Amino acid sequence: MAKKIIKRSWAEPFKIKVVEPIKMTTREYREKCAKEAGYNTFLLKSADVYIDLLTDSGTNAMSDYQWAGMMIGDEAYAGSRNFYYLWDNVKKYYGMPYFVPTHQGRAAEHLISKIMIKPGDYIPGNMYFTTTRLHQELAGGTFVDVIIDEAHIPQNKHPFKGNVDLQKLEDLIKKVGAKKIPYVSIAGPVNMAGGQPISMQNLKEVSKLCDKYGIKLWFDATRATENAYFIKVREKGYENKSIALILKEMCSYFDGLWVSAKKDLMVNIGGFLATRNKKVYEEARNMVVVYEGLHTYGGLAGRDMEAMARGIEEMVEFDNIKARVGQVEYCGKQLEKYGIPMVYPFGGHAIFLDAKKFLPHLRQDVFPAQALANEIYVDSGVRGMERGIVSAGRDPKTGQHRYPKLELVRLTFPRRVYTQAHIDVMVESIATVFQNRKQIKGLKMVYEPKYLRFFQARFSKL
Ligand code: PM9
């Protein structure tokens, strides 16, 4: 008799040493919490959340190696030894000789935007990110989306939806002139597109095009190891290369990069700017003392920099990144069984629900993704985030809502935090909300802050 083939599963490459209790509340209680929070999941109290999938930013579980490093924080005002260790690791893993720490990613975005952008400039990029674009606009620039069209279509299964459309980029260069483009801003993977990667081949081509016109290329490397993982498993010629080697090759095409260390590096706070351009470095090093703190701590404690340095070493371990992306994939496959509309292929850090398809009876200006994130919270205490019209904000020139093609709810996985059982509970909740979707009503925005409105806007039910 032929032997039955036994499936062999993978599991997380760690075990749990410390736990943080969480509690399930009643639906009635959560209805009250949601109303008090103005139907904005950012305004909920964390204590009222059961499974927190708002973000993977600063919410990761540090390893014992990172926690041990916290104890050897050198809290000197100037010249902390943790700073030099972190700098060494930035050189070693990102291949950039110059480095300035910042308290988080947007602080580095602030520095680079102020240094590089003049009023009237254009900054092409592979889809906008909220904080990145805002800093580019505040510096007087206009962001132009040059991502491939496939990125705007949730069901499209292109393996590298983060790719730049070279024709769109060259058309823009010819239209406005290379002098008006201080740099091309590349994210890998692309958060707002669903965590979609850019291919090495596309990166090479973008770099060649930039060289042709003498334009600099800058990298938002916040989740670059996820991008490196997708290159390894999807792009020919990279299957036998390590994540560290792929990351280094990716970075080699850029003049500089910025990182929110709260993601890949698995720390609770931190960021940095790194470059091979000495002039930019000198300006950043000078500006950081104005906005962040001395250039050897940049708004961070010595212990934070030690945890970041150690996080860099862990983030490139293949088993670590495989388990991280694998958890997202597991979740997507479970949701698929219930016919839940999502963005494909599943991304690196999150599952993105397609709210336009989930709630086809709601027009985009009654905020379907915001309403859906809220319903999921009320059903089970699972907290996700709107990534649609609210996040897109208003056009600074016309003052009108921007209407993005993607109207999504993001369910983001903090690294090394939740188990498969948490995912199963979350999947069943979303399936229940999907069953009852026709009863979900839209929202009206009743308070709108000027910048990054998704963080603090308030809504009422229609
Ligand atoms: N990303 C996220 O949840 C946290 C705040 S915005 C909702 O996805 C990229 C690709 C990011 C990012 C933050 C930043 C800014 C830059 N680039 O939050 O300032 O995903 O450390 O980084 C968030 P900081």
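Since this is a predicted model, take the numbers as computed values, not measurements. Positions are given from 1 along the sequence. Counting convention: from 1, in listed order, for ligands and their atoms alike.
- Annotation: cation-pi geometry not satisfied between K216 and W218 (NZ/CZ under 6.0 angstrom from ring centroid, within 45° of ring axis).
- For atom 1 (N) of ligand 1, the closest non-hydrogen atom on the protein side is K263 NZ, 3.0 Å.
- Counting heavy atoms closer than 4.0 Å to ligand 1, residue K262 contributes side-chain atoms (C-beta onward) but none from N, CA, C or O.
- A donor atom on one side chain and an acceptor atom on the other are found under 3.5 Å apart for E249 and Y253.
- Set against the non-hydrogen atoms of T55, the atoms of ligand 1 under 4.0 Å away are 2 (C), 3 (O).
- The shell of residues lying under 4.0 angstrom from ligand 1, judged by heavy atoms, includes R387.
- Between Q104 and ligand 1, at least one N/O pair is under 3.5 Å apart.
- For ligand 1, the atoms closer than 4.0 angstrom to any heavy atom of S57 are 4 (C).
- Note: no N/O pair closer than 3.5 Å links T131 and ligand 1 by distance alone.
- Every atom of ligand 1 with a heavy atom of F454 under 4.0 Å away is listed here by number and element: 7 (C).
- Here the shortest heavy-atom distance to atom 20 (O) of ligand 1, taken over N191, T412, T132, belongs to N191.
- For ligand 1, the polar-atom distance check against D56 finds no nitrogen or oxygen pair separated by under 3.5 Å.
- A cation-pi arrangement, defined by a distance under 6.0 Å to the six-membered ring centre and an angle within 45 degrees of its axis, is present between R387 and F454.
- The N/O atoms of F129, backbone and side chain alike, include none that comes under 3.5 Å of an N/O atom in ligand 1.
- Checked by atom type, the side-chain pair T132/E109 shows a donor-acceptor distance below 3.5 Å.
- Remark: minimum distance from atom 16 (C) of ligand 1 to any protein heavy atom is reached at E109 OE2, 3.1 Å.
- Between the side chains of K114 and Y291, at least one donor-acceptor pair of N or O atoms lies under 3.5 Å.
- Of the N and O atoms on the side chains of Q104 and S260, not one donor lies less than 3.5 Å from an acceptor on the other residue.
- Aromatic ring centres of F99 and Y94 lie farther apart than the 6.0 Å criterion allows.
- The protein non-hydrogen atom at the shortest distance from atom 9 (C) of ligand 1 is D220 OD2, 3.4 Å.
- Taking the ring centre of F318 as origin, the terminal cationic atom of K232 falls inside the region bounded by 6.0 Å and 45° from the ring axis.
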Run the salt bridge (charged side-chain N to carboxylate O under 4.0 Å, His left out) test on R310 and E314 for me, step by step, so that the C-alpha distance in whole Å, both residues' side-chain angles and the decisive distance to 0.1 Å come before the verdict. CA-CA 7 Å; R310 291 178 181 219; E314 290 181 358; over 6 Å; no
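- In this structure, atom 5 (C) of ligand 1 lies nearest to the protein heavy atom R106 NH2, 3.6 Å.
- Heavy-atom distances between H349 and ligand 1 stay at or above 4.0 Å for every pair.
- Among all non-hydrogen protein atoms, the one lying nearest atom 22 (O) of ligand 1 is S260 CB, 3.2 Å.
- Side-chain contact annotation: R30 with T25, donor-acceptor N/O pair under 3.5 Å present.
- The part of R410 lying near ligand 1 is the side chain, judged by heavy-atom distances below 4.0 Å.
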